[in-house]
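Quantities reported herein were computed from a predicted structural model and do not represent experimental measurements. Order of listing sets the numbers, starting from 1, for every ligand and every atom in it.
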Amino acid sequence: MSEDSWAVAVDVQEATTPSIQPDFSKKVDRVRPTRNTRGDINGNIVTENGGWKRDGGERVDLAEQSLLNKLIRRSLVRNRNQVEVLQRDPTSPLYSVKTFEELRLKPELLKGVYNMGFNRPSRIQENALPMMLAQPPQNLIAQSQSGTGKTAAFSLAMLSHVNPANKWTQCLCIAPTYELALQIGQVIEQMGKFCPDVKLAYGIRGNRMERGTKLQEQIVIGTPGTILDWCTKYKLIDPKKITMFVLDEADVMIATQGHRDQSIRIHRQLSKDCQMLLFSATFEDSVWRFAEQVVPDPNIIRLKREEETLDTIKQFYVVCREKEDKFTALCNLYGSLTIAQAMIFCHTRKMAAWLTTNLTKEGHQVALLSGEMLVEQRAAVIERFRNGKEKVLVTTNVCSRGIDVEQVSLVVNFDLPVDLDGNADNETYLHRIGRTGRFGRRGFAVNMVDSKHSMDIINQIEMHFNRRITKLDTSNLEEMESLMS
Ligand SMILES: Nc1ncnc2c1ncn2[C@@H]1O[C@H](COP(=O)(O)OP(=O)(O)OP(=O)(O)O)[C@@H](O)[C@H]1O
């Protein structure tokens with residue numbers, strides 16, 4: 001098969017690829033590919049179909065991607081951009097806080113916040129928290145990329161909002177999946193550690209409740225289907241008594257079949273005075289239309305994603321003939337440079353598996369990350385790599401977003417990133433190599449070129465970013481050392 005046809009032949013390849021870790025194969029049959037993907041103004045990939053996006057050769061489940069981000073994240077994502085605030089009533093004063101004290105939280109809740117290691121509100125929290133805690137209640141639509149502190153913000157708002165003396169459900173929070181709901185629940189539990197009278201229930205599949213009894217938990221978090229059943233069929237919750245409704249990950253929610261309608265049906269049961277809060281990492285038209293339906297008269301807070309830059313990254317390409325040749329070039333490269341850690345991107349799982357096997361045979365300590373693994377397994381691989389247990393991480397695109405490994409100094413595009421039409425996928429290129437050269441450090445990116453088509457792609461990338469990609473001869477050690485010094 002010609003290397004050029006990777007993008008087109010991916011279905012066939014993956015269907016015929018044996019799982020190298022057989023236990024992980026159970027994810028494969030859930031594939032529902034979508035063609036309708038594009039980036040929003042924040043550079044996030046969005047999809048209007050099915051909750052899946054195709055990312056190069058892998059299909060990515062948006063909810064899983066979100067869960068992976070949560071599992072591997074250790075701290076706030078840095079963002080120096082200004083928050084944009086659009087107030088419903090532009091004449092009312094705009095409050096923002098620089099400390100948690102200014103919010104006048106209950107002491108036990110403040111203790112919970114500090115106990116989590118939060119010293120001050122994150123950029124989005126500075127504006128979102130006073131708005132969510134304001135009296136009379138205000139509706140809010142907030143958008144910022146994953147990891148900027150949204151979950152922590154609305155968890156705090158819910159914990160602050162409830163009256164523990166009232167033994168009925170007052171805050172309802174819905175999330176796209178069982179696993180995501182559990183993650184949010186953990187944050188609430190941790191933050192509310194010193195608020196023993198505030199109770200939390202999980203409205204998720206498998207959590208069976210007796211029909212007709214009313215829940216006493218003040219906060220209920222769950223998935224739209226179960227929550228809808230609990231409100232309507234089982235009547236465990238009186239929706240008219242809900243005074244705060246939180247809809248998290250709106251972009252993922254509407255990309256999942258059925259969730260959009262269920263969310264709207266839950267919303268319809270709520271009282272008109274209920275405070276509505278909606279959060280999303282991306283914000284393109286379909287999310288916006290949905291948000292407007294669910295959140296009347298909103299205040300809007302948006303934090304633009306910080307631009308990734310190629311300024312501190314030296315980019316090269318190596319001309320090769322076929323995959324064996326690319327492999328030799330890679331070994332030469334790796335053998336001659338002092339590289340802290342490297343990430344190598346392949347287009348398909350099959351290629352990633354082949355490369356991992358061969359690098360391992362050469363004596364390298366290699367980790368493999370691919371879409372057939374369960375989310376928890378992917379998170380564990382990333383954690384090992386972060387801790388330096390392996391020096392090389394071979395991967396398909398599934399993990400190109402979200403992982404920040406500061407010590408990665410080399411990114412190799414063993415296969416160049418292409419879109420479904422076989423053109424340069426500039427956005428993916430930026431995400432892949434943008435992770436090296438972080439925080440002013442120098443990074444290197446090496447692209448393997450194995451055909452006229454892939455040379456065209458390099459030219460397209462050069463033009464797009466207006467940055468030179470220099471030819472590298474990996475058999476010429478001296479030249480390579482001087483270029484890459
Ligand atoms: N004020 C803060 N100070 C320090 N760390 C914080 C603060 N707020 C949140 N964090 C931490 O930052 C990380 C990201 O926060 P959070 O999960 O709330 O972000 P998010 O925008 O909801 O992203 P996602 O939707 O992917 O979870 C978490 O590890 C959280 O514990």
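- Side chain to side chain, N413 and R432 meet the donor-acceptor criterion of an N or O pair below 3.5 Å.
- Closest approach of P239 and L270 over heavy atoms only: O-CD2, 3.6 Å.
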| said: Before you tell me yes or no, could you show the steps for T396 and H347 under side-chain hydrogen bond (donor to acceptor under 3.5 Å, both in side chains), namely the whole-Å CA-CA distance, both residues' side-chain angles and the distance that decides it to 0.1 Å? | reply: CA-CA 6 Å; T396 50; H347 198 63; over 6 Å; no

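- Within the structure, no pair that satisfies the salt bridge (charged side-chain N to carboxylate O under 4.0 Å, His left out) test touches residues 141-167, not counting sequence neighbours.
- For the residue pair D251 / T282, a side-chain donor-acceptor distance below 3.5 Å is found, with atom types taken as modelled.
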Put together the list of close N/O pairs, under 3.5 Å, between ligand 1 and the protein, could you?
from	atom 1	to	atom 2	distance (Å)
ligand 1	1 (N)	R120	O	2.8
ligand 1	1 (N)	Q125	OE1	2.9
ligand 1	8 (N)	Q125	NE2	2.9
ligand 1	12 (O)	L76	N	3.4
ligand 1	18 (O)	T151	N	3.2
ligand 1	18 (O)	A152	N	2.9
ligand 1	19 (O)	G149	N	2.9
ligand 1	21 (O)	G147	N	3.3
ligand 1	21 (O)	T148	N	3.1
ligand 1	21 (O)	G149	N	3.1
ligand 1	21 (O)	K150	N	3.0
ligand 1	21 (O)	K150	NZ	2.9
ligand 1	22 (O)	K150	N	3.4
ligand 1	22 (O)	T151	N	2.7
ligand 1	22 (O)	T151	OG1	2.5
ligand 1	23 (O)	G147	N	2.7
ligand 1	26 (O)	R73	NH1	3.3
ligand 1	26 (O)	R73	NH2	3.1
ligand 1	26 (O)	S146	OG	2.6
ligand 1	27 (O)	K70	NZ	2.6
ligand 1	27 (O)	T151	OG1	3.4

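- Within the 4.5 Å cutoff, side-chain heavy atoms of W230 are placed close to those of V220.
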